[in-house]
Amino acid sequence: MPHLSVTGTPYFGVYVRTSQNVHLGQIDLRLSRGLGMRIDSRDDDSVRGARDISIDDVYVSGTSGHGVETYGVDGLTIGTVTARDTGNSGLLLNDTVNATVDLVDAEGAGTGTGYAAFRMANRNGRVGEDYPVNIRVGEVRARGGGRGSSASRRAAAR
């Protein structure tokens with residue numbers, strides 16, 4: 001999908017479940033509530049069924065939830081996440097491995113909630129019992145909002 005614009009009050013601006021080889025290009029989500037984008041494998045926690053997902057650039061604003069959230073993804077490449085006044089994190093990676101993110105640029109993400117502009121949680125980066133280097137983030141810009149950038153100590157070094 002090379003271009004997508006969504007406005008209004010959807011439950012999800014974009015929702016991808018247990019899919020492989022998905023390429024999202026320029027995504028513009030100017031919402032009044034809901035979650036911007038969710039990519040997950042939640043139908044089966046024992047496998048990461050969402051694989052090889054790429055997002056060139058996503059602009060997300062006005063959500064009541066996260067701007068972009070993943071859960072159970074293996075192989076994620078994101079150019080830029082631009083998050084403005086999202087209810088929770090601008091970008092949240094859950095139980096995701098082999099991910100590269102060039103830039104998270106968040107303003108007002110998670111204001112009053114304690115959520116970070118960029119957050120990793122729920123075994124993010126974990127392979128088996130270890131946390132090898134497999135999550136790479138080039139730059140996080142956080143202004144205002146909940147609390148800037150938050151990651152577990154192990155994940156922050158990756």
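Both backbone and side-chain heavy atoms feed into the values below; hydrogens, waters and symmetry mates do not. One is the number of the first residue; the rest follow in order along the sequence.
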Hey, mind stepping through His23 and Asp56 against side chain to side chain contact (heavy atoms under 4.5 Å, CB included) and telling me if it holds?
CA-CA 8 Å; His23 177 227; Asp56 294 343; 3.0 Å; yes
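- Annotation: side chain of Met37 is in contact with side chain of Leu24 (closest heavy-atom distance under 4.5 Å).
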Check the pair Asp105 / Arg141 against side chain to side chain contact (heavy atoms under 4.5 Å, CB included), numbers first and verdict last.
CA-CA 5 Å; Asp105 181 355; Arg141 298 179 195 154; 3.8 Å; yes
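- Counting all heavy atoms, side chain and backbone alike, Ala109 lies closest to Ala106 at CB-CB, 4.0 Å.
- By the rule that hydrophobic residues join a cluster once side-chain heavy atoms approach within less than 4.5 Å of another member, Val97 and Met120 end up as members of separate clusters.
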For Tyr15 and Asp40: C-alpha separation, side-chain torsions, deciding distance, then whether side chain to side chain contact (heavy atoms under 4.5 Å, CB included) applies.
CA-CA 8 Å; Tyr15 186 35; Asp40 73 29; 3.3 Å; yes
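- The two residues Gly34 and Ser64 make their nearest non-hydrogen contact at N-OG, 2.8 Å.
- Rounding to the nearest 0.5 angstrom, the gap separating the OG1 atom in Thr82 from the CG atom in Leu103 is 6.5 Å.
- Residue Val68 is grouped with residue Val104 when hydrophobic side chains (ILVMFWY) are merged at heavy-atom distances under 4.5 angstrom, including chains of intermediate members.
- Taking CZ from Arg119 and CG from Asn94, the interatomic distance works out to 7.0 Å, rounded to the nearest 0.5 Å.
- Linking ILVMFWY residues whenever their side-chain heavy atoms come closer than 4.5 Å, directly or via other members, leaves Phe118 and Leu92 in distinct clusters.
- The heavy-atom pair separating Tyr115 from Ser89 by the smallest distance is CD2-OG, 3.6 Å.
- Across every non-hydrogen atom of Thr96 and Asn134, the tightest pair is O-OD1, 4.4 Å.
- Under the 6.0 Å distance and 45° angle rule, Arg84 does not count as a cation-pi partner of Tyr59.
- Note that NE2 of His3 is 6.5 Å distant from CD of Gln26, once rounded to the nearest 0.5 Å.
- Residues Leu91 and Leu35 are members of separate hydrophobic clusters, defined by side-chain heavy-atom contacts under 4.5 angstrom among Ile, Leu, Val, Met, Phe, Trp and Tyr.
- In terms of heavy atoms, Ala83 sits closest to Gly90 at CB-CA, 3.6 Å.
- For the pair Asn88 and His66, the minimum side-chain heavy-atom distance is below 4.5 Å.
- Between the side chain of Ser41 and the main chain of Gly49, a donor-acceptor pair closer than 3.5 Å is present.
- Both Val60 and Leu4 are members of a single hydrophobic cluster when ILVMFWY side chains are connected at heavy-atom separations under 4.5 Å.
- To the nearest 0.5 angstrom, Ser19 atom OG is 9.0 Å from Ile39 atom CD1.
- Of the candidates Val6, Thr9, Thr7, Thr86, Val6 is the only one forming a side chain to side chain contact (heavy atoms under 4.5 Å, CB included) with Leu31.
- Counting only distance, with no hydrogens or angles, the side chain of Arg51 and the backbone of Ile53 share no donor-acceptor pair below 3.5 Å.
- Between Leu76 and Leu93, some side-chain heavy-atom pair lies under the 4.5 Å cut-off.
- With rounding to the nearest 0.5 angstrom, the CD1 atom of Ile55 is 4.5 Å from the CD1 atom of Ile78.
- Between the CG atom of Leu29 and the OG atom of Ser5 there is a distance of 8.0 Å, given to the nearest 0.5 Å.
- Contact detail for Thr113 and Gly87: the closest heavy-atom pair is CG2-O, 3.4 Å.
- With hydrogens and angles ignored, the 3.5 Å screen pairs a side-chain donor or acceptor of Arg48 with a backbone N or O of Asp95.
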